Colleague: 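Handing you this structure, nothing more for now.
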Amino acid sequence: MSNQTTVTEFLLLGFSDIQELQILHFVVFLLLYLISLLGNLLIITAIALDHHLHIPMYFFLMNLSILDLGSISVTIPKSMANSLMNTRSISYSGCVTQIFLVVVFVSAGFAILTVMVYDRYVAICQPLHYEIVMNRRACVQMAASAWISGILYSALHTRNTFAMSFCGENMVDQFFCEIPQILKFACSDSYRFEVGFLIFSMCLASSCFVSVIVSYVQIFKAVLRIPSKQGRHKAFSTCLPHLFVVLLFLCTSAFAYLKPTSSSTSVLNLIVAVLYSVLPPMMNPIIYSMRNKEIKDALSKWIGWRLFTKNKMSIFLL
(Lines give C-alpha, C1' and ligand atoms only; values in the text may rest on other atoms or scores of the structure.)
Protein backbone atom coordinates (compact mmCIF):
# COMPACT_ATOMS: atom_id res chain seq x y z
CA MET A 1 0.00 0.00 0.00
CA SER A 2 1.25 3.51 -0.80
CA ASN A 3 2.48 5.70 2.03
CA GLN A 4 0.00 8.32 3.16
CA THR A 5 1.32 11.87 2.88
CA THR A 6 -0.06 15.30 3.59
CA VAL A 7 -1.08 17.00 0.36
CA THR A 8 -0.61 20.78 0.54
CA GLU A 9 -1.27 21.62 -3.10
CA PHE A 10 -2.46 20.14 -6.38
CA LEU A 11 -1.02 20.52 -9.87
CA LEU A 12 -3.59 21.29 -12.56
CA LEU A 13 -3.31 20.14 -16.14
CA GLY A 14 -1.82 22.77 -18.41
CA PHE A 15 -2.88 23.28 -22.00
CA SER A 16 0.72 23.50 -23.16
CA ASP A 17 4.30 24.02 -21.96
CA ILE A 18 5.03 26.33 -24.90
CA GLN A 19 4.79 30.00 -23.94
CA GLU A 20 3.10 31.06 -27.20
CA LEU A 21 0.40 28.41 -26.76
CA GLN A 22 -0.06 29.45 -23.14
CA ILE A 23 -0.73 33.00 -24.31
CA LEU A 24 -3.14 31.65 -26.93
CA HIS A 25 -4.93 29.68 -24.20
CA PHE A 26 -5.18 32.85 -22.09
CA VAL A 27 -6.60 34.88 -24.99
CA VAL A 28 -9.14 32.20 -25.99
CA PHE A 29 -10.32 31.70 -22.42
CA LEU A 30 -10.49 35.45 -21.90
CA LEU A 31 -12.74 35.84 -24.95
CA LEU A 32 -14.99 32.96 -23.82
CA TYR A 33 -15.16 34.41 -20.32
CA LEU A 34 -16.00 37.92 -21.55
CA ILE A 35 -18.71 36.56 -23.87
CA SER A 36 -20.27 34.62 -20.98
CA LEU A 37 -19.90 37.56 -18.61
CA LEU A 38 -21.43 40.07 -21.02
CA GLY A 39 -24.27 37.80 -22.14
CA ASN A 40 -25.37 36.81 -18.65
CA LEU A 41 -25.02 40.35 -17.28
CA LEU A 42 -27.18 41.68 -20.12
CA ILE A 43 -29.90 39.12 -19.35
CA ILE A 44 -29.78 39.95 -15.63
CA THR A 45 -29.92 43.69 -16.37
CA ALA A 46 -32.78 43.39 -18.87
CA ILE A 47 -34.90 41.29 -16.51
CA ALA A 48 -34.15 43.45 -13.46
CA LEU A 49 -34.93 46.78 -15.16
CA ASP A 50 -37.94 45.86 -17.33
CA HIS A 51 -41.08 45.33 -15.22
CA HIS A 52 -42.71 43.49 -18.15
CA LEU A 53 -40.20 40.69 -17.53
CA HIS A 54 -41.05 40.33 -13.85
CA ILE A 55 -42.80 37.02 -14.40
CA PRO A 56 -41.82 33.51 -13.23
CA MET A 57 -40.11 32.38 -16.46
CA TYR A 58 -37.71 35.33 -16.49
CA PHE A 59 -37.23 35.26 -12.71
CA PHE A 60 -35.87 31.73 -13.01
CA LEU A 61 -33.85 32.69 -16.08
CA MET A 62 -32.20 35.49 -14.07
CA ASN A 63 -31.29 32.97 -11.35
CA LEU A 64 -29.82 30.67 -14.02
CA SER A 65 -27.71 33.54 -15.38
CA ILE A 66 -26.39 34.32 -11.89
CA LEU A 67 -25.46 30.66 -11.41
CA ASP A 68 -23.78 30.56 -14.83
CA LEU A 69 -21.73 33.63 -13.93
CA GLY A 70 -20.66 31.98 -10.69
CA SER A 71 -19.75 28.63 -12.22
CA ILE A 72 -17.57 30.08 -14.97
CA SER A 73 -15.92 32.61 -12.64
CA VAL A 74 -14.73 29.83 -10.32
CA THR A 75 -12.69 27.93 -12.95
CA ILE A 76 -11.71 30.15 -15.89
CA PRO A 77 -9.86 33.03 -14.11
CA LYS A 78 -7.60 30.60 -12.18
CA SER A 79 -6.72 28.76 -15.39
CA MET A 80 -5.94 32.04 -17.16
CA ALA A 81 -3.80 33.22 -14.24
CA ASN A 82 -1.81 29.97 -14.26
CA SER A 83 -1.11 30.39 -17.99
CA LEU A 84 0.13 33.95 -17.50
CA MET A 85 2.35 33.04 -14.54
CA ASN A 86 3.53 29.79 -16.15
CA THR A 87 2.46 27.71 -13.17
CA ARG A 88 0.05 24.83 -12.61
CA SER A 89 -0.36 24.82 -8.84
CA ILE A 90 -3.49 25.39 -6.78
CA SER A 91 -3.45 25.27 -2.99
CA TYR A 92 -5.27 22.56 -1.06
CA SER A 93 -7.74 25.11 0.34
CA GLY A 94 -8.13 26.64 -3.12
CA CYS A 95 -9.00 23.24 -4.56
CA VAL A 96 -11.53 22.59 -1.78
CA THR A 97 -13.13 26.00 -2.39
CA GLN A 98 -13.18 25.49 -6.15
CA ILE A 99 -14.89 22.10 -5.90
CA PHE A 100 -17.40 23.38 -3.36
CA LEU A 101 -18.40 26.39 -5.47
CA VAL A 102 -18.49 24.48 -8.75
CA VAL A 103 -20.80 21.85 -7.27
CA VAL A 104 -23.00 24.55 -5.69
CA PHE A 105 -23.48 26.42 -8.96
CA VAL A 106 -23.85 23.31 -11.13
CA SER A 107 -26.31 21.47 -8.86
CA ALA A 108 -28.36 24.60 -8.16
CA GLY A 109 -28.35 25.36 -11.89
CA PHE A 110 -29.75 21.94 -12.68
CA ALA A 111 -32.43 22.44 -10.02
CA ILE A 112 -33.37 25.79 -11.59
CA LEU A 113 -33.55 24.17 -15.05
CA THR A 114 -35.92 21.54 -13.62
CA VAL A 115 -38.08 24.23 -12.03
CA MET A 116 -38.20 26.05 -15.36
CA VAL A 117 -39.59 22.89 -16.96
CA TYR A 118 -42.33 22.81 -14.32
CA ASP A 119 -43.08 26.48 -15.01
CA ARG A 120 -43.51 25.79 -18.75
CA TYR A 121 -45.62 22.71 -17.98
CA VAL A 122 -48.05 24.68 -15.81
CA ALA A 123 -48.13 27.61 -18.27
CA ILE A 124 -48.98 25.44 -21.28
CA CYS A 125 -50.83 22.44 -19.84
CA GLN A 126 -52.68 24.21 -17.00
CA PRO A 127 -52.95 27.85 -18.12
CA LEU A 128 -56.05 28.61 -16.00
CA HIS A 129 -54.20 27.67 -12.82
CA TYR A 130 -50.89 29.33 -13.74
CA GLU A 131 -51.21 32.52 -11.69
CA ILE A 132 -52.35 30.55 -8.64
CA VAL A 133 -49.67 27.83 -8.83
CA MET A 134 -46.76 30.04 -9.94
CA ASN A 135 -47.43 32.98 -7.65
CA ARG A 136 -44.63 35.23 -6.40
CA ARG A 137 -44.22 33.43 -3.09
CA ALA A 138 -44.05 30.00 -4.74
CA CYS A 139 -41.42 31.19 -7.22
CA VAL A 140 -39.22 32.65 -4.48
CA GLN A 141 -39.55 29.45 -2.45
CA MET A 142 -38.61 27.26 -5.44
CA ALA A 143 -35.59 29.43 -6.30
CA ALA A 144 -34.48 29.51 -2.66
CA SER A 145 -34.89 25.74 -2.43
CA ALA A 146 -32.66 25.31 -5.50
CA TRP A 147 -29.92 27.47 -3.97
CA ILE A 148 -30.15 25.90 -0.50
CA SER A 149 -30.22 22.33 -1.83
CA GLY A 150 -27.20 23.12 -4.01
CA ILE A 151 -25.25 24.45 -1.02
CA LEU A 152 -26.16 21.50 1.23
CA TYR A 153 -25.45 18.95 -1.50
CA SER A 154 -22.11 20.57 -2.28
CA ALA A 155 -21.13 20.73 1.40
CA LEU A 156 -21.78 17.00 1.82
CA HIS A 157 -20.09 16.16 -1.49
CA THR A 158 -16.97 18.23 -0.73
CA ARG A 159 -16.70 16.92 2.83
CA ASN A 160 -16.88 13.30 1.63
CA THR A 161 -14.20 13.94 -0.95
CA PHE A 162 -11.64 15.65 1.28
CA ALA A 163 -12.29 13.48 4.35
CA MET A 164 -10.31 10.75 2.55
CA SER A 165 -6.60 10.11 2.93
CA PHE A 166 -4.45 10.87 -0.11
CA CYS A 167 -1.44 8.80 -1.16
CA GLY A 168 1.19 11.20 -2.37
CA GLU A 169 -0.04 11.97 -5.89
CA ASN A 170 -1.32 15.48 -6.57
CA MET A 171 -1.41 15.72 -10.39
CA VAL A 172 -4.98 16.62 -11.40
CA ASP A 173 -5.64 15.59 -14.99
CA GLN A 174 -7.88 18.60 -15.54
CA PHE A 175 -7.59 22.41 -15.77
CA PHE A 176 -9.61 22.81 -12.56
CA CYS A 177 -10.23 20.68 -9.48
CA GLU A 178 -12.76 17.99 -10.32
CA ILE A 179 -14.07 15.32 -7.93
CA PRO A 180 -13.47 12.26 -10.19
CA GLN A 181 -9.85 13.37 -10.59
CA ILE A 182 -9.36 13.90 -6.84
CA LEU A 183 -10.78 10.42 -6.13
CA LYS A 184 -7.81 8.91 -7.98
CA PHE A 185 -5.53 10.03 -5.14
CA ALA A 186 -7.53 8.25 -2.41
CA CYS A 187 -5.73 5.57 -0.39
CA SER A 188 -7.03 1.97 -0.30
CA ASP A 189 -10.83 1.71 -0.19
CA SER A 190 -11.54 5.05 1.46
CA TYR A 191 -13.02 6.41 -1.75
CA ARG A 192 -15.82 3.86 -2.06
CA PHE A 193 -18.37 5.88 -0.10
CA GLU A 194 -17.80 8.94 -2.27
CA VAL A 195 -18.03 6.83 -5.43
CA GLY A 196 -21.35 5.49 -4.15
CA PHE A 197 -22.46 9.05 -3.52
CA LEU A 198 -21.52 9.98 -7.08
CA ILE A 199 -23.55 7.05 -8.42
CA PHE A 200 -26.50 8.13 -6.27
CA SER A 201 -26.14 11.67 -7.62
CA MET A 202 -26.21 10.44 -11.20
CA CYS A 203 -29.30 8.33 -10.45
CA LEU A 204 -30.97 11.41 -8.97
CA ALA A 205 -30.03 13.48 -12.01
CA SER A 206 -31.33 10.73 -14.29
CA SER A 207 -34.69 10.68 -12.48
CA CYS A 208 -34.92 14.46 -12.89
CA PHE A 209 -34.07 14.04 -16.57
CA VAL A 210 -36.84 11.46 -16.98
CA SER A 211 -39.31 13.84 -15.32
CA VAL A 212 -38.15 16.59 -17.70
CA ILE A 213 -38.72 14.35 -20.73
CA VAL A 214 -42.16 13.27 -19.47
CA SER A 215 -43.10 16.91 -18.84
CA TYR A 216 -42.01 17.91 -22.33
CA VAL A 217 -44.01 15.08 -23.89
CA GLN A 218 -47.09 16.50 -22.17
CA ILE A 219 -46.12 20.03 -23.19
CA PHE A 220 -45.66 19.13 -26.86
CA LYS A 221 -48.99 17.29 -26.88
CA ALA A 222 -50.67 20.41 -25.52
CA VAL A 223 -48.83 22.68 -27.98
CA LEU A 224 -49.89 20.58 -30.97
CA ARG A 225 -53.51 21.04 -29.89
CA ILE A 226 -53.21 24.84 -30.08
CA PRO A 227 -55.35 25.89 -33.07
CA SER A 228 -53.34 28.90 -34.24
CA LYS A 229 -50.01 28.51 -35.98
CA GLN A 230 -48.69 31.63 -34.27
CA GLY A 231 -49.59 30.24 -30.84
CA ARG A 232 -47.80 26.97 -31.55
CA HIS A 233 -44.73 28.83 -32.81
CA LYS A 234 -44.58 30.99 -29.67
CA ALA A 235 -44.92 27.97 -27.39
CA PHE A 236 -42.21 26.04 -29.23
CA SER A 237 -39.90 29.08 -29.22
CA THR A 238 -39.98 29.18 -25.41
CA CYS A 239 -39.69 25.41 -24.87
CA LEU A 240 -37.17 24.18 -27.44
CA PRO A 241 -34.26 26.43 -26.32
CA HIS A 242 -34.76 25.28 -22.74
CA LEU A 243 -34.84 21.62 -23.77
CA PHE A 244 -31.60 22.12 -25.72
CA VAL A 245 -29.95 23.72 -22.65
CA VAL A 246 -31.01 20.80 -20.43
CA LEU A 247 -29.71 18.20 -22.91
CA LEU A 248 -26.41 20.08 -23.39
CA PHE A 249 -25.87 20.36 -19.65
CA LEU A 250 -26.78 16.76 -18.81
CA CYS A 251 -24.96 15.05 -21.67
CA THR A 252 -21.65 16.87 -21.20
CA SER A 253 -21.60 16.66 -17.38
CA ALA A 254 -22.69 12.99 -17.38
CA PHE A 255 -19.93 12.12 -19.84
CA ALA A 256 -17.39 13.98 -17.70
CA TYR A 257 -18.34 12.16 -14.50
CA LEU A 258 -19.06 8.69 -15.92
CA LYS A 259 -16.10 8.24 -18.26
CA PRO A 260 -13.21 6.10 -16.94
CA THR A 261 -10.65 8.61 -15.69
CA SER A 262 -7.72 6.23 -16.04
CA SER A 263 -8.34 5.36 -19.69
CA SER A 264 -9.15 8.83 -21.00
CA THR A 265 -6.45 11.03 -22.45
CA SER A 266 -5.58 14.50 -21.20
CA VAL A 267 -6.78 16.06 -24.44
CA LEU A 268 -10.16 14.34 -24.12
CA ASN A 269 -10.42 15.47 -20.49
CA LEU A 270 -9.79 19.08 -21.51
CA ILE A 271 -12.32 19.00 -24.35
CA VAL A 272 -15.04 17.46 -22.18
CA ALA A 273 -14.33 19.89 -19.35
CA VAL A 274 -14.62 22.88 -21.67
CA LEU A 275 -17.88 21.47 -23.07
CA TYR A 276 -19.63 21.13 -19.72
CA SER A 277 -18.00 23.95 -17.71
CA VAL A 278 -17.51 26.72 -20.30
CA LEU A 279 -19.97 26.06 -23.12
CA PRO A 280 -23.32 26.10 -21.20
CA PRO A 281 -22.70 29.46 -19.40
CA MET A 282 -21.64 30.96 -22.74
CA MET A 283 -24.45 29.43 -24.81
CA ASN A 284 -27.35 29.99 -22.39
CA PRO A 285 -27.60 33.77 -23.02
CA ILE A 286 -27.38 33.20 -26.78
CA ILE A 287 -29.97 30.42 -26.78
CA TYR A 288 -32.44 32.27 -24.55
CA SER A 289 -32.07 35.72 -26.10
CA MET A 290 -31.71 35.09 -29.84
CA ARG A 291 -35.31 33.85 -30.23
CA ASN A 292 -36.79 35.76 -27.31
CA LYS A 293 -38.45 38.95 -28.50
CA GLU A 294 -39.20 40.20 -24.97
CA ILE A 295 -35.56 40.13 -23.88
CA LYS A 296 -34.35 41.68 -27.14
CA ASP A 297 -36.91 44.48 -26.79
CA ALA A 298 -35.92 45.07 -23.16
CA LEU A 299 -32.24 45.26 -24.08
CA SER A 300 -32.97 47.60 -26.99
CA LYS A 301 -34.94 49.94 -24.75
CA TRP A 302 -32.28 49.88 -22.03
CA ILE A 303 -29.40 50.51 -24.47
CA GLY A 304 -31.42 53.22 -26.21
CA TRP A 305 -32.20 54.89 -22.88
CA ARG A 306 -28.53 54.82 -21.87
CA LEU A 307 -27.47 56.38 -25.17
CA PHE A 308 -30.18 59.03 -24.88
CA THR A 309 -29.12 59.89 -21.33
CA LYS A 310 -25.46 60.08 -22.35
CA ASN A 311 -26.20 62.36 -25.31
CA LYS A 312 -28.45 64.55 -23.19
CA MET A 313 -25.71 64.90 -20.56
CA SER A 314 -23.15 65.77 -23.24
CA ILE A 315 -25.43 68.51 -24.62
CA PHE A 316 -25.99 69.84 -21.11
CA LEU A 317 -22.23 70.03 -20.43
CA LEU A 318 -21.65 71.85 -23.70
Side-chain angles (χ1 to χ4, degrees), residues 27-77 79-80 101-102 104-120 123 139 142-143 146-147 150 176 212 216 233-253 256 272-307:
V27 172
V28 171
F29 263 37
L30 179 62
L31 288 175
L32 294 176
Y33 183 65
L34 290 177
I35 292 172
S36 302
L37 192 69
L38 179 61
N40 285 290
L41 283 177
L42 284 176
I43 285 182
I44 294 170
T45 302
I47 295 173
L49 296 181
D50 194 329
H51 69 277
H52 294 101
L53 301 182
H54 293 177
I55 58 176
M57 181 176 71
Y58 295 112
F59 171 71
F60 295 129
L61 178 57
M62 183 170 68
N63 276 268
L64 182 63
S65 292
I66 295 172
L67 290 166
D68 283 342
L69 278 178
S71 66
I72 200 169
S73 297
V74 172
T75 57
I76 297 299
S79 181
M80 291 192 301
L101 292 176
V102 166
V104 167
F105 293 130
V106 170
S107 56
F110 182 62
I112 288 292
L113 286 171
T114 306
V115 170
M116 291 173 73
V117 175
Y118 178 69
D119 171 71
R120 291 298 85 204
C139 292
M142 284 188 279
W147 281 89
F176 64 94
V212 167
Y216 267 112
H233 179 269
K234 184 177 181 181
F236 276 126
S237 66
T238 59
C239 293
L240 290 178
H242 180 264
L243 181 59
F244 178 79
V245 168
V246 173
L247 291 175
L248 175 67
F249 175 83
L250 276 180
C251 292
T252 54
S253 57
V272 171
V274 170
L275 284 177
Y276 88 88
S277 65
V278 179
L279 193 61
M282 184 183 68
M283 292 299 296
N284 285 354
I286 299 173
I287 292 169
Y288 280 114
S289 61
M290 281 184 63
R291 301 189 62 181
N292 193 303
K293 187 176 183 298
E294 288 81 3
I295 289 182
K296 288 191 290 187
D297 290 344
L299 287 174
S300 298
K301 287 192 293 184
W302 180 71
I303 294 173
W305 179 81
R306 293 288 296 175
L307 291 174

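Positions are given from 1 along the sequence. All values derive from a computational prediction rather than experimental measurement.
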Colleague: Using the rule side chain to side chain contact (heavy atoms under 4.5 Å, CB included), only one of L41, L37, I43, L38 pairs with P285; which is it?
Modeller: I43

Colleague: L61 vs I47, test: side-chain contact (heavy atoms from CB on, under 4.5 Å). Steps then yes/no.
Modeller: CA-CA 9 Å; L61 178 57; I47 295 173; 4.2 Å; yes

Colleague: Mark yes when over 12 heavy atoms from residues, nucleotides or ligands other than H52 sit less than 6.0 Å from its NE2; otherwise mark no.
Modeller: no

Colleague: Using a 4.5 Å cut-off on heavy atoms from C-beta on, say whether the side chain of N284 contacts that of L64.
Modeller: yes

Colleague: Quick check: closest heavy atoms across S277 and I72, and the distance to 0.1 Å?
Modeller: O-CG1, 4.4 Å

Colleague: Say whether, by atom type as modelled, one donor and one acceptor occur between the side chain of S73 and the main chain of G70 under 3.5 angstrom.
Modeller: no

Colleague: Would you name the heavy atoms of F60 and I112 that are closest together and state the gap between them?
Modeller: O-CG2, 3.5 Å

Colleague: May I ask you to test the W147-F105 pair for a side-chain heavy-atom distance under 4.5 Å?
Modeller: yes

Colleague: Distance from L101 atom CG to T75 atom OG1, nearest 0.5 Å?
Modeller: 10.5 Å

Colleague: For N40 and P281, indicate whether the former's side chain and the latter's backbone hold a donor-acceptor pair under 3.5 Å.
Modeller: yes

Colleague: Side-chain contact, heavy-atom cut-off 4.5 Å: S79 with F176?
Modeller: no

Colleague: Where do A143 and F59 come nearest, in terms of heavy atoms and distance?
Modeller: CB-CE2, 3.6 Å

Colleague: What residues, two or more places apart in sequence or in another chain, satisfy side-chain hydrogen bond (donor to acceptor under 3.5 Å, both in side chains) together with Y118?
Modeller: none

Colleague: Is there a side-chain contact (heavy atoms from CB on, under 4.5 Å) between L279 and M282 once you walk through the steps?
Modeller: CA-CA 5 Å; L279 193 61; M282 184 183 68; 3.7 Å; yes

Colleague: With side-chain contact (heavy atoms from CB on, under 4.5 Å) as the criterion, how do I44 and L69 come out once you've worked through the C-alpha distance, each side chain's angles and the decisive distance to 0.1 Å?
Modeller: CA-CA 10 Å; I44 294 170; L69 278 178; 3.7 Å; yes

Colleague: To check you understand the geometry: which heavy-atom pair defines the closest contact between S107 and G150, and what is its length?
Modeller: OG-CA, 3.4 Å

Colleague: Distance check, rounded to the nearest 0.5 Å: M116 atom CE versus M142 atom CE?
Modeller: 12.0 Å

